[in-house]
Structure formats: structure tokens, C-alpha cells
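Everything below concerns the one structure shown next.
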Amino acid sequence: MPIVYHIFAACIYGCILVICLLALVYGRRARRNVKKEKVTRMPQGFSPLDVKRIFIGKTFPRRMTRALIAYWAQCGYISVKYVSKFRVQITKLKSMPSHSARGAIFFDRGTYVRERDLFWYMTDKAKSGKTFNLLRPMFTKDEIKRINSKYAAREDEGVYTARHYRLKLITLALSLLPFALAVVWLCVSTGNFVSLILVGTAIIGLFVFMFVRDMPIVFKLIWCGMWLGVSIGAVCAFYVGADIYNPLHVQYAAVGIFFLGSLFLIRFVDYREKNNLAEYSDLINYRKYLLFTPKQELEKEDYYAVLPFLYAFGIKQIAKRKFRTASPPDWYKGDPEGKGALL
């Protein structure tokens, strides 16, 4: 039995090692290819949605309320009126031009046409005098789903290849395999193969948690917690209670990588198109410029033109102190002291 056990243990710890290597190698791959050059501004027509699309293959507009409001205002599409520290009222000044219109400037057509739909949803809500909470999404999940369903092209088109998704699937499978092997060893040791059911229930709970987007989060946490908790807890309890030969504690390693690999390490497995690395490099270098350039140099920049990207990069609180912000911009009304959360 010790020989069979060590075979199972080698497979479990081997899967863990492979997952860590994939996360390390492919997590560093794109950064290794980043060009070492100074980038002081993004191309004209580059929007906060382009930042997210190039970084992670998804625009996630529900998380970008302040970035989009600041960007559209800076483009002259809207004006913003201060209502309270976290609330603003929006007035439409002009429509976003069609992507085929003369003078339309954009970086990526697929992102731009979705952005026009988002702009239409936002201004339609603003007609009634609705105020927007800067700390909450401007758009509902259904609105985002309706927009994306209108377009055949995926948001991540041109960012990732089919190999990227194969690597994701391999990493996910390797994350689940150690738990399955640990349960098989439990069954071999006890002679009771009913425990194999626990593999299925744990995987169902994990897949619902990861991929079912429409389930209310509280219900999802309770439901998935029951499926996962019972399965994981039962396996660990059986190992201890049955006094199984287990000097390497394979059940704890399997449970650890079950969650760590599938929910966290899998995010670092990133295989992007070579033709996208130039855009990725520009973003990395521009973010470095905003983060590490001395205050004396950044004071010359137009803070409000950069503001949407500070939000998109998630570095606004860190980098704001380097800019000169004497007075609110022309598009921001009713807050002469600039104390609102938007600025």
C-alpha cells in the first residue's frame, strides 16, 4: 500500500507543481515581451474600455462608472453637475459619432460600437433627471448582456488565441484532478467507493460559483458553500476518522489547490496574441509613467485628461498628488471646491 500511496501522492503534488509552473511561466510571458520605452500618452480615441479589453480581454463597464463619466465629459459628450459627494447629475451635450462618421476617432472598432450603446443607455437614464452614484454601476447586468448579444465579435477578439483558452482549461483540470485523486485514494484505502460522489458534488458547486453569473450572490454563496463545504469537509473528516496511511497529508494539498488553482492561479495563465503585445506594452509603460514619473514633470500634464485612465488603471489615489489640480474642469458644475468623489 505505501507504494500505491506514493504514486497517488506524486500525481497530486505533480499537478500542483505543473499549475505553479504554468502560472509563473505564462504569467511572466507577456511582461517579458514588454518594450522598454517611455510612453507619455495614449493614442487619440483610446478609452478606459480599451484599457480593460487589452489587459484582461473584457471591458467590465459595470466597474467603470467614474472612468466612463470622466472620459465622456472630457470628450465633450456630457456635462456633470455635483449633487453630493458621491452623486452627480449628467446632461447630454452631443451624441457620440457613429464609427463610420467623418471625424470619428477611436482605437478599436469593437470597443467603440459597444461604448456607443453604453453611452445611449446612460443618457437615456439621465433624461429623467436621474442622479448617478459614483460608487455603484451605471448599468444593470441585463443591459450589458443585451449590448453584448448584438455583436458577433467577442470583446477579447485580437487579444487571446484559442491556445489561451486551452491553457485555461488545462489549468482548471489540473486544479480539480488532485482532489479527485485524493478521493480515489480514500476509496482504495477504505474499500468504499461511494465517496466518489463527493468529487461530483464539489465540482458542481465550484462550477456554479465560477460560471453562473445570474444567480444572486448571497444565494450563490450559501448554495455553493453547502455543496463545497459538505464535500470538502467530508473528505477531510474521512481521512482523519478512518486513520488512512497518509504521511504526506494529500487531502489538504488537494483541497488547497482545488481552490487556489481554480480561483486564483488560473488568472495568471495568460497567452495573448503577439500583435497585441505592442498595445499591452504601451499600457504597461504608460502606467509606469503615471506611477513613477516625478511630480515636477507630471505637474505639466492636464490632470483631467489623464483622470479616466487613473480610474481604469486603479491608481487614482496614488498618482493624483503628483498633478496640479487648481480648479475643477469646465464640464464639472456646482462644486467649485472640487470635493466630489469624481475628481
Side-chain angles (χ1 to χ4, degrees), residues 45-53 58-101 103-106 111-151 155 213-214 216-218 302-314 316-317 320 323 325-343:
F46 198 95
S47 86
L49 295 178
D50 289 309
V51 173
K52 293 298 184 186
R53 184 188 67 84
K58 295 287 184 181
T59 54
F60 289 119
R62 281 172 49 80
R63 303 178 188 175
M64 304 189 71
T65 297
R66 284 184 282 185
L68 289 173
I69 289 176
Y71 178 70
W72 290 334
Q74 194 65 23
C75 289
Y77 302 144
I78 59 174
S79 65
V80 182
K81 182 180 178 181
Y82 173 87
V83 176
S84 67
K85 183 176 181 179
F86 299 113
R87 283 197 169 273
V88 296
Q89 192 171 39
I90 291 170
T91 302
K92 178 181 174 183
L93 301 179
K94 63 179 181 180
S95 297
M96 285 180 64
S98 167
H99 68 276
S100 58
I105 300 173
F106 54 89
T111 302
Y112 185 77
V113 293
R114 284 180 169 87
E115 187 176 336
R116 286 187 64 231
D117 286 345
L118 291 170
F119 182 78
W120 182 85
Y121 273 112
M122 186 271 292
T123 53
D124 189 57
K125 294 176 183 179
K127 287 179 183 177
S128 61
K130 173 183 172 65
T131 61
F132 294 88
N133 187 329
L134 296 170
L135 303 183
R136 297 178 63 84
M138 276 193 296
F139 311 104
T140 66
K141 292 180 181 179
D142 288 338
E143 287 168 344
I144 301 300
K145 188 182 294 185
R146 281 197 293 271
I147 289 173
N148 287 330
S149 67
K150 291 169 56 178
Y151 301 102
E155 288 182 285
R213 304 295 184 190
D214 297 331
I217 185 63
V218 174
D302 181 355
Y303 168 69
Y304 300 110
V306 176
L307 181 61
F309 301 105
L310 296 181
Y311 280 123
F313 288 133
K316 188 249 185 180
Q317 295 302 323
K320 179 182 178 180
F323 291 86
T325 55
S327 60
D330 293 338
W331 48 261
Y332 190 63
K333 311 293 184 184
D335 183 20
E337 297 181 3
K339 293 184 178 179
L342 180 62
L343 304 183

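Shown here are the side chain to side chain donor-acceptor pair (under 3.5 Å) partners of Tyr303, two or more places apart in sequence or in another chain: there are none. By the side chain to side chain contact (heavy atoms under 4.5 Å, CB included) test, Arg116 is found to be paired with Met96, Ser98, Tyr112, residues two or more places apart in sequence or in another chain being considered. For Asp302, there are no side chain to side chain donor-acceptor pair (under 3.5 Å) partners at least two apart in sequence or on another chain.
The side-chain hydrogen bond (donor to acceptor under 3.5 Å, both in side chains) pairs that include a residue from residues 86-95 are Arg87-Thr131, Lys92-Ser95, where partners are two or more places apart or lie in different chains.
The CG atom of Leu307 sits 6.5 Å away from atom CG of Leu343, with the distance rounded to the nearest 0.5 Å. Note that CG of Leu342 and CZ of Arg66 are 8.0 Å apart. Values are rounded to the nearest 0.5 Å. Considering CZ of Phe60 and CZ of Arg53, their distance stands at 14.0 Å, rounded to 0.5 Å. Rounding to the nearest 0.5 Å places CG of Leu134 at 11.0 Å from NZ of Lys85. Between the CG atom in Asn148 and the OG1 atom in Thr59 there is a gap of 6.5 Å [rounded to 0.5 Å]. With rounding to the nearest 0.5 Å, the separation of OG1 in Thr65 from CE in Met122 is 10.5 Å.
Side-chain contact between Thr111 and Phe106 is absent, with no heavy atoms from C-beta onward closer than 4.5 Å. In this structure, the side chains of Phe132 and Val83 stay at 4.5 Å or more apart for every pair of heavy atoms.
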Tell me which donor-acceptor pairs under 3.5 Å the side chains of residues 138-145 have, and how far apart each pair is, sequence neighbours excluded?
{"from": "Thr140", "atom 1": "OG1", "to": "Glu143", "atom 2": "N", "distance (Å)": "3.1"}
{"from": "Glu143", "atom 1": "OE1", "to": "Lys125", "atom 2": "NZ", "distance (Å)": "3.0"}
{"from": "Glu143", "atom 1": "OE1", "to": "Thr140", "atom 2": "N", "distance (Å)": "2.9"}
{"from": "Glu143", "atom 1": "OE2", "to": "Lys125", "atom 2": "NZ", "distance (Å)": "3.4"}
{"from": "Lys145", "atom 1": "NZ", "to": "Asp214", "atom 2": "OD1", "distance (Å)": "3.2"}
{"from": "Lys145", "atom 1": "NZ", "to": "Asp214", "atom 2": "OD2", "distance (Å)": "3.0"}

Identify each donor-acceptor pair in which a side-chain atom of residues 69-78 lies under 3.5 Å from a protein atom, sequence neighbours left out, and give them as a table.
{"from": "Trp72", "atom 1": "NE1", "to": "Glu115", "atom 2": "OE2", "distance (Å)": "2.9"}
{"from": "Gln74", "atom 1": "OE1", "to": "Trp331", "atom 2": "NE1", "distance (Å)": "2.8"}

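Leu118 and Pro61 get closest at one heavy-atom pair: CD1-CB, 3.7 Å. In terms of heavy atoms, Tyr304 sits closest to Pro328 at OH-CA, 3.6 Å.
For the pair Lys320 and Phe323, the cation does not sit on the ring face, since its NZ or CZ is not both under 6.0 Å from the ring centre and inside 45° of the axis.
Heavy atoms of other residues, nucleotides or ligands lying less than 6.0 angstrom from CZ of Arg63 number 12 at most.
No side-chain donor-acceptor contact under 3.5 Å links Asp117 to the backbone of Arg114. Counting only distance, with no hydrogens or angles, the side chain of Asp335 and the backbone of Tyr82 share no donor-acceptor pair below 3.5 Å. One N or O on the side chain of Lys52 and one on the backbone of Ala312 form a donor-acceptor pair closer than 3.5 Å.
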Next on the checklist: Evaluate Val51 against Phe46 for side chain to side chain contact (heavy atoms under 4.5 Å, CB included), listing each step before the verdict.
Outcome noted: CA-CA 8 Å; Val51 173; Phe46 198 95; 3.5 Å; yes
